[in-house]
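Notes to accompany the following structure.
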Amino acid sequence: MADPNGYHDDIGDTFVDGFDDDGFPGDRAPRQPAAAPVLVPPAGGGIAARAMAARRSNAPDYLEGLNPEQRKAVETIEGPVLVLAGAGTGKTRVLTTRIAHILATGSAYPSQILAVTFTNKAAREMKERIAHFIGGNVEGMAWLGTFHSICVKILRRHAELVGLKSSFSIIDTDDQLRLIKQIIQAEGIDDKRWTPKAFAALLDGWKNRALTPKEISEGESRAFAGGLGRKLYEEYQDRLSILNACDFGDLLLHVITLFKTNPDVLKDYQRKFRFMLVDEYQDTNIAQYLWLRLLAQGNPNVCCVGDDDQSIYGWRGAEVDNILRFEHDFRGAVVIRLERNYRSTSHILASASHLIAHNEGRLGKTLFTDFEDPEDEKVAVASCWDSEEEARSIGDEIEALQRHGHKLNDIAILVRASFQMREFEDRFVTLGLNYRVIGGPRFYERMEIRDAMAYFRCVVQPADDLAFERIVNTPKRGLGDATLKLVHELARAERIPLIQAANQLCQTEELKPKARSALKSVLDHFERWRRDLEHTKHTEMAEIILDESGYTEMWRKDRSAEAPGRLDNLKELIRSMDQFESMAGFLEHVSLVMDRDSNDINDAVSIMTLHSAKGLEFDTVFLPGWEEGLFPHQRALDESGRAGLEEERRLAYVGVTRAKKRAKIWFASNRRIHGSWQSTIPSRFLDELPIEHVEIVEQASNYGGYGGGGYGRGGYGASRFDRSEPFQNSSYSTPGWQRAQKAKAAHEAITGRSSDFRSAGTRRQGPMTIEGELVAKSVSDMPSAYSVGERVFHIKFGYGAIVAIEGNKLTIDFEKTGQKKVIDSFVEKH
DNA sequence: ATAAATGTTCTTTTT
DNA sequence: GAACATTTAT
């Protein structure tokens, strides 16, 4: 390919060009002729020379304003680099500037840079910021994305090498659970004792560690259903491959397998990616680590950025060890610490640092700031009677801030668990305070959206069992368990997708006439939609599908309160499809990007979990619910002991460091857990804050005034916050408790249940997605195991003699019911 | 086959 | 207390 800038030969990369243009749908990376040299025009001479020149002659302006450490992190582009970036130290800036630097020095084409993030949001942000550097167009950065999206891209190209078709579909956790459940039931295992969820957790653990069924240990195999772990894992994978589908873990795993078994392919990618960057390295799991290591073999230009103190995803397999071992794994690594904080006041920094210092096994960083203002507020710690009062008080404070001219956009409430959000939502609704929930139940998880998507999936991906199951009988068309069971049996026996099995069944008299015609009609619809999709715009087809299937009709007739909203959501769904070229493209997008871009520009308080707050910052941050059992969460303690506690502490650290100017921590003495009220103890983390940077706030509005007593009953001794709290409360019958109950009842009467549209979509479980072309033909090539004249037994029709054979369909003359067409797997020889 | 009633379990965080 | 799942009744 012609190179307009004339430095193509310097890079010696003919491979890339052919590679990027060999055209996968959705992978058209329009080559940007002048992407790289916007900032530094290409000149003759080697890359290094140019890079050095760039550095000497007054640094390009993108380097300006970086502190020495940041600058070093940006400019050290050769060799392995670990950037330990504390909270608020300009991590993202370093990452994006580094990419800009690589491009500006002409060291690589955009398409030769692999940049990995964990969330789609982070990827999007990085793209935006790089676009800013290189003049608007980042189309060339084809390999900037999440681990998962990059893996999909690679897999679509080489799917056959791992036994998939390139059109494979991606199932989400919901689909995964259903599939597991089917397998467990098919094995005849008691799914009460051995729940699908438990198996999903095991499976997740294996995949996070890149273990295939053969590689899991005996012990782990035995850990489920008395030794069936491995078998179930094998069957699960088997089923997935029939369905031509992957789960999230498979995306990584299959690429690893691909690389291991096809060294030439790996080599191509190793050569292709001249520079690799990984964001949030502390969150990588073993599979991701192995993935990266494979790619980094023979190319040391790996830059990992992370903060061991912000590792909060241990529960989903993240290995802090990856970051702790970096120097060891990548020989000659340069480690750069970013410790200068540009975000928070010194009180906030000191509090966070003091807190996190209680953890062992850190790489150790000390954040500092140059800015100190005597006006800065200390970190506030306040107490309240119960969670309702907590919401009320925080609401009041927010209104006060608002009166003083603060923007709601600069305020956030960060909770440990999402159930805490509800209380705030209820309160803010009554106050008329704008809020937005970030990361809550998502658009694509709503029932109506999932249903609609299931229809689309059935059309586009005819092997998508999970989608099929979801909507065969939605709206109701008389296809119940009995019918479904038959379809399942056939599908399992013949190892074919459900839709195909259903098709076969319709050609026989196995089903009751009513069910048969209902099923036939659905399948015919699928057929027709599939055909029409070829010449009709996909958004139009989407509408047609929803109408003709009776799905919209179903909601129109529904008189419940949510129905209109659901219809709106469906409209929005179709509208959002417009940005995609095809229905298949849309489905892929949704399976990887479950978040909807909320582009509301309104001023609103943000409510979110601590986990989803990572990477964000706000002037004012409220941190409610600092109570033992909730935060640190009991389950983290029970399941992971000390490690769990440390992770919770890191979570607290993340929370506090989100605040730029004000951090306000709350705890309640009573909280409803499992529906019943329990008195609670202040979190131990409160005692780990440095008292000189903290201000204890007395609540004027407390129900206070009941004598001594206090908390401190708990297991770990008295807290210094015990004394600051004026109530006693170990019984459920104190006046305060009763009052709280009454207030609550009154509140509910006024607000009338929660109006909450978030919950609307979450109630029903959805099916999932699978896809592929028909795996088997409807008439089997295999010679039949039966012969004409043979006497057979059918469980429903009894004994009969075979009259004719057509593939796997037998025409049998039954003694009682006469001639019927049935499928051979439903009869046995006699 | 469906709707209503009853019982059961759980509530962390997410690509 | 709520969302589920299963059982029972129609």
Side-chain angles (χ1 to χ4, degrees), chain A residues 116-123 145-152 170-174 176-177 181 191-192 195-198 200-201 204 207-208 246-252 280 283-285 287-288 311-318 414-422 438-442 445 447 473-485 512 514-515 518 591-595 608-614 625 629-640 644 647-648 650-651 654-655 671-677 744 748 753-754 756 759-765:
Chain A
V116 198
T117 63
F118 269 84
T119 63
N120 294 297
K121 201 171 113 212
T146 61
F147 274 105
H148 299 271
S149 65
I150 288 171
C151 284
V152 170
I170 301 158
I171 65 168
D172 63 23
T173 39
D174 226 49
Q176 190 186 31
L177 270 181
K181 188 168 179 190
D191 64 351
K192 287 274 174 41
T195 64
K197 239 181 139 183
D204 219 41
K207 294 199 170 180
N208 284 335
C246 286
D247 63 21
F248 279 118
D250 284 343
L251 296 176
L252 261 302
E280 308 280 16
D283 290 337
T284 48
N285 61 31
Q288 287 157 340
S311 162
I312 53 176
Y313 286 108
W315 53 273
R316 70 167 197 221
L414 310 183
V415 297
R416 171 67 247 257
S418 48
F419 75 86
Q420 295 172 260
M421 294 180 179
R422 195 196 185 107
I438 297 182
R442 289 170 276 220
E445 283 167 12
M447 175 172 58
N473 203 27
T474 312
K476 302 255 186 290
R477 29 176 96 89
L479 296 168
D481 287 351
T483 312
L484 260 275
K485 191 158 159 267
K512 293 208 195 95
K514 230 171 54 188
S591 59
L592 283 174
V593 184
M594 288 294 278
D595 56 337
M608 70 190 95
T609 63
L610 287 161
H611 282 86
S612 45
K614 192 163 72 159
L630 177 59
F631 193 35
H633 199 282
Q634 194 56 48
R635 196 152 153 185
L637 264 30
D638 291 346
E639 283 172 11
S640 318
E647 182 153 313
E648 295 288 294
R650 279 181 239 125
L651 205 44
V654 167
R671 196 170 287 275
R672 196 170 39 205
I673 301 171
H674 291 61
S676 62
W677 287 90
K744 180 156 175 33
E748 265 162 19
R753 281 299 248 247
S754 134
D756 173 336
S759 61
T762 54
R763 81 165 5 120
R764 216 215 250 159
Q765 293 265 318

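Chain A is the first sequence line, chain B the second, and so forth, proteins listed ahead of strands; every chain is numbered from 1. Not measured: the values here are computed from a predicted model. Every heavy atom of this structure was used, including side-chain atoms; hydrogens, water molecules and symmetry mates were not.
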Rounding to an integer number of Å, can you tell me how far [X] [atom1] sits from [N] [atom2]?
{"X": "A:K121", "N": "B:dT14", "atom1": "NZ", "atom2": "P", "answer": "11 Å"}
{"X": "A:L177", "N": "B:dT14", "atom1": "CG", "atom2": "P", "answer": "16 Å"}
{"X": "A:N473", "N": "B:dA1", "atom1": "CG", "atom2": "C1'", "answer": "9 Å"}
{"X": "A:R477", "N": "B:dT2", "atom1": "CZ", "atom2": "P", "answer": "11 Å"}
{"X": "A:Q634", "N": "B:dT11", "atom1": "CD", "atom2": "C1'", "answer": "13 Å"}
{"X": "A:L484", "N": "B:dT2", "atom1": "CG", "atom2": "P", "answer": "11 Å"}
{"X": "A:I438", "N": "B:dT13", "atom1": "CD1", "atom2": "P", "answer": "15 Å"}
{"X": "A:F419", "N": "B:dC10", "atom1": "CZ", "atom2": "P", "answer": "16 Å"}

Among [options], which is the nearest nucleotide to the side chain of [X]?
{"X": "A:T146", "options": "B:dT13, B:dT15, B:dA3", "answer": "B:dT15"}
{"X": "A:R316", "options": "B:dA1, B:dT15, B:dT13", "answer": "B:dT15"}
{"X": "A:K181", "options": "B:dT13, C:dT6, B:dT15", "answer": "C:dT6"}
{"X": "A:H611", "options": "B:dT11, B:dA1, B:dT13", "answer": "B:dT13"}

Just N and O in the side chain of [X]: are any of them under 4.0 Å from OP1 or OP2 of [N]?
{"X": "A:T483", "N": "B:dA1", "result": "yes"}
{"X": "A:K197", "N": "C:dA5", "result": "no"}
{"X": "A:N285", "N": "B:dT15", "result": "no"}

Original post:
Hey, are A:R316 and A:D204 close enough for a salt bridge, meaning a charged N less than 4.0 Å from a carboxylate O?
Top reply: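 Looking at A:R316 and A:D204, the cut-off is not met.
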Original post:
Between the main-chain N or O of A:Q288 and the side-chain N or O of A:N285, is there a donor-acceptor pair closer than 3.5 Å?
Top reply: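 Here the side-chain-to-backbone pair exists.
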**OP:** Measure the distance between the ring centre of A:W315 and the centre of the six-membered base ring of B:dT13, then answer whether it is under 5.5 Å with planes under 30°.
**Re:**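 It does: the two rings, one from A:W315 and one from B:dT13, meet the stacking criterion.
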Original post:
Hey, what do you get for CG (A:L630) to CD (A:E648), rounding to the nearest 0.5 Å?
Top reply: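 Those atoms lie 9.0 Å apart.
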Original post:
When you match A:G478 and A:S612 each to their closest nucleotide on DNA chain B, which lands nearer the 5' end?
Top reply: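 Of the two residues, A:G478 wins.
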What nucleic acid atoms does [X] come within less than 4.0 Å of, heavy atoms only: base, sugar-phosphate, or nothing?
{"X": "A:H633", "value": "sugar-phosphate"}
{"X": "A:F118", "value": "sugar-phosphate"}
{"X": "A:Y313", "value": "sugar-phosphate"}

Original post:
What is the ring orientation for A:W315 with A:H611, classed by angle as parallel under 30°, tilted 30 to 60°, or perpendicular over 60°?
Top reply: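 Judged by the thresholds at 30° and 60°, the geometry between A:W315 and A:H611 is perpendicular.
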**OP:** Compare all side-chain heavy atoms of A:K207 with those of A:L252 and state whether any distance is below 4.5 angstrom.
**Re:**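 A side-chain contact is absent here, since even the closest heavy-atom pair is not under 4.5 Å.
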